[in-house]
Amino acid sequence: MKKFAIAIHGGAETIKPSEIDKKKEEEYRRGLADALKAGYDVLEKGGSALDAVEAAVNSLERNPVFNAARGASLTQRGETEFDAAIMDGNTLRVGAVGAVRYVQHPISLAKVVLQKCDHCLLVGTGAEEFALANNLPLKAPEYFVTPEKKEAWLDKQQERAVKKRQPGSMSD
Amino acid sequence: TVGAVALDMNGNLAAATSTGGLTDQLKGRVGDSPIIGGGTFANNEACAVSCTGEGEAIMRGVLAHEVYAMMKYAGNSLQAATDKAIELHADKLQGDRGILSMDNTGKVAFGFNTGFMKRGYQAADEEPFVALWE
């Protein structure tokens, strides 16, 4: 029997069980099961490990409960920026993108870099233009922002504002 | 951050990592995910690795490549190499870490110092495994 396998993660963080309700837990488990199936189906049909990891990560990038593409954390400016990388263990070819916006599937852009670019890592507008040149789907900024991440960002802004007001802080 | 590692029917490994970064990070900050050898690495000779957690510590520890090197050059098993990479330089490099790795026989290892890692695994003709806390 031919051997194949896939494993995935959706992030690791230090949190208490009380911080996650049953509904959220269920969303995580369902999202993980969906992504696992997406990758497993590729392998079961004889597909490559490269296509399988892309399919699994695409599923997680579309799912707003995971911090990648849709559902991403917000930068200090309140914007979303993505990083992604993919590597082929056979050829040692790699494709990576950094600080890109608007690209619906950053891992698919990384894979096109692996397949079509002489470089390993493209960042910012160069990577976005490479996505355009290869007809990858782009999305408006609001597609990526979830209420939950917006709230986390607002909390951070308030935290920073309080720190600024404390005596001895930078502001005069 | 999300990631995947896989072994296909031809015995090839691959790794992929994608992330939305850290809340409140500076514009232009790039984390470990796209740094080859930091958050993502794959080589058929040993393993495929995808990391998650405090990106700066993972980059400075070059953790994905460390898992590979501890297997290839020091003869560690996949799980031992993964566990060691989680603890590596813990005195100098603080922060959450999660490592997902798979060797060229399809074995998987999860290492994390957070008590919570969203993860899943499925081998050929086996039932899927999904876990969070356990």
Side-chain angles (χ1 to χ4, degrees), chain A residues 2-15 25 28-29 32-33 36 39-40 43 46-50 52-54 56-57 60-61 66-69 72-77 80-90 92 94 96-99 106-107 120-121 123 152-153 156, chain B residues 1-10 12-31 33-36 39-44 48 50 52-53 96-98 100 102 105-106 108 110 112 114-125 128 130 132-133:
Chain A
K2 285 271 182 177
K3 186 180 277 286
F4 59 85
I6 185 162
I8 62 174
H9 73 79
E13 52 254 19
T14 301
I15 47 174
E25 263 208 36
Y28 284 148
R29 290 181 192 279
L32 291 167
L36 210 47
Y40 185 88
L43 294 172
S48 69
L50 212 61
V53 294
E54 180 197 17
V57 170
L60 295 164
E61 286 176 335
F66 296 103
N67 176 23
S73 297
L74 302 187
T75 67
Q76 218 174 64
R77 302 263 184 95
T80 51
E81 282 187 0
F82 318 122
D83 305 334
I86 192 166
M87 184 163 185
D88 181 333
N90 180 36
L92 302 189
V94 304
V97 292
I107 200 63
C120 291
L121 168 61
V123 299
W153 178 77
K156 276 277 186 185
Chain B
T1 303
V2 302
V5 291
L7 172 77
D8 63 30
M9 288 185 183
N10 299 315
N12 292 322
L13 287 168
T17 314
S18 181
T19 187
L22 303 171
T23 298
D24 215 36
Q25 71 181 28
L26 288 179
K27 185 175 181 69
R29 178 261 182 186
V30 171
S33 303
I35 307 302
I36 297 303
T40 307
F41 189 75
N43 185 322
N44 283 1
S50 174
T52 177
D96 290 351
R97 292 180 194 181
L100 161 65
M102 179 175 283
T105 69
V108 68
F110 297 102
F112 49 104
T114 58
F116 178 82
M117 183 174 183
K118 300 159 226 163
R119 59 203 194 281
Y121 169 63
Q122 188 170 13
D125 304 325
V130 165
L132 300 176
W133 311 95

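Remember, it's a predicted structure, so these values are computed and weren't measured experimentally. Chain letters run A, B, ... following the sequence lines, proteins first, then strands; residues in each count from 1.
At a threshold of 4.5 Å between non-hydrogen side-chain atoms, the residues Val2(B) and Ile8(A) do not count as touching. The side-chain heavy atoms of Leu132(B) and Leu32(A), taken from C-beta on, include a pair separated by under 4.5 Å. Between Thr40(B) and Ile86(A) there is no side-chain heavy-atom pair separated by less than 4.5 Å.
Ranked by non-hydrogen atom pairs under 4.5 Å with chain B, the options Ala52(A), Ser73(A), Gly46(A) are led by Ser73(A).
Only the side chain of Met102(B) comes within less than 4.5 Å of a heavy atom in chain A; its backbone stays farther off. Residue contact with chain A, scored on non-hydrogen atoms closer than 4.5 Å, involves the backbone and the side chain of Val5(B) alike. Contacts between Phe110(B) and chain A at a heavy-atom distance below 4.5 Å involve the side chain alone, from C-beta outward. Interface residue Phe82(A): backbone and side-chain heavy atoms are both found under 4.5 Å from chain B. With a threshold of 4.5 angstrom between heavy atoms, Thr80(A) does not approach chain B through any atom at all.
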- request: Please lay out, stage by stage, how Ser48(A) and Asp8(B) fare under the test side chain to side chain contact (heavy atoms under 4.5 Å, CB included).
  value: CA-CA 6 Å; Ser48(A) 69; Asp8(B) 63 30; 4.0 Å; yes
query: Could you walk me through whether Asp83(A) and Ser33(B) pass the side chain to side chain donor-acceptor pair (under 3.5 Å) check?
result: CA-CA 6 Å; Asp83(A) 305 334; Ser33(B) 303; 5.6 Å; no
task: Any chance you could lay out the side chain to side chain contact (heavy atoms under 4.5 Å, CB included) test for His9(A) and Phe112(B), step after step, and finish with the verdict?
output: CA-CA 11 Å; His9(A) 73 79; Phe112(B) 49 104; over 6 Å; no
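Here Leu22(B) contributes atom CG and Leu74(A) contributes atom CG; the two are 12.0 Å apart, rounded to the nearest 0.5 Å. Here the OG1-CE distance, from Thr17(B) to Met87(A), works out to 11.5 Å after rounding to the nearest 0.5 Å. The line from NZ of Lys3(A) to CG of Asn10(B) is 14.5 Å long, rounded to the nearest 0.5 Å.
In plain terms, the two heavy atoms of Gly120(B) and Leu36(A) that are nearest each other are C-CD1, 3.8 Å.
Under the ring pair (Phe, Tyr, Trp, His ring centres under 6.0 Å) criterion, Phe116(B) pairs with Trp133(B), sequence neighbours left out.
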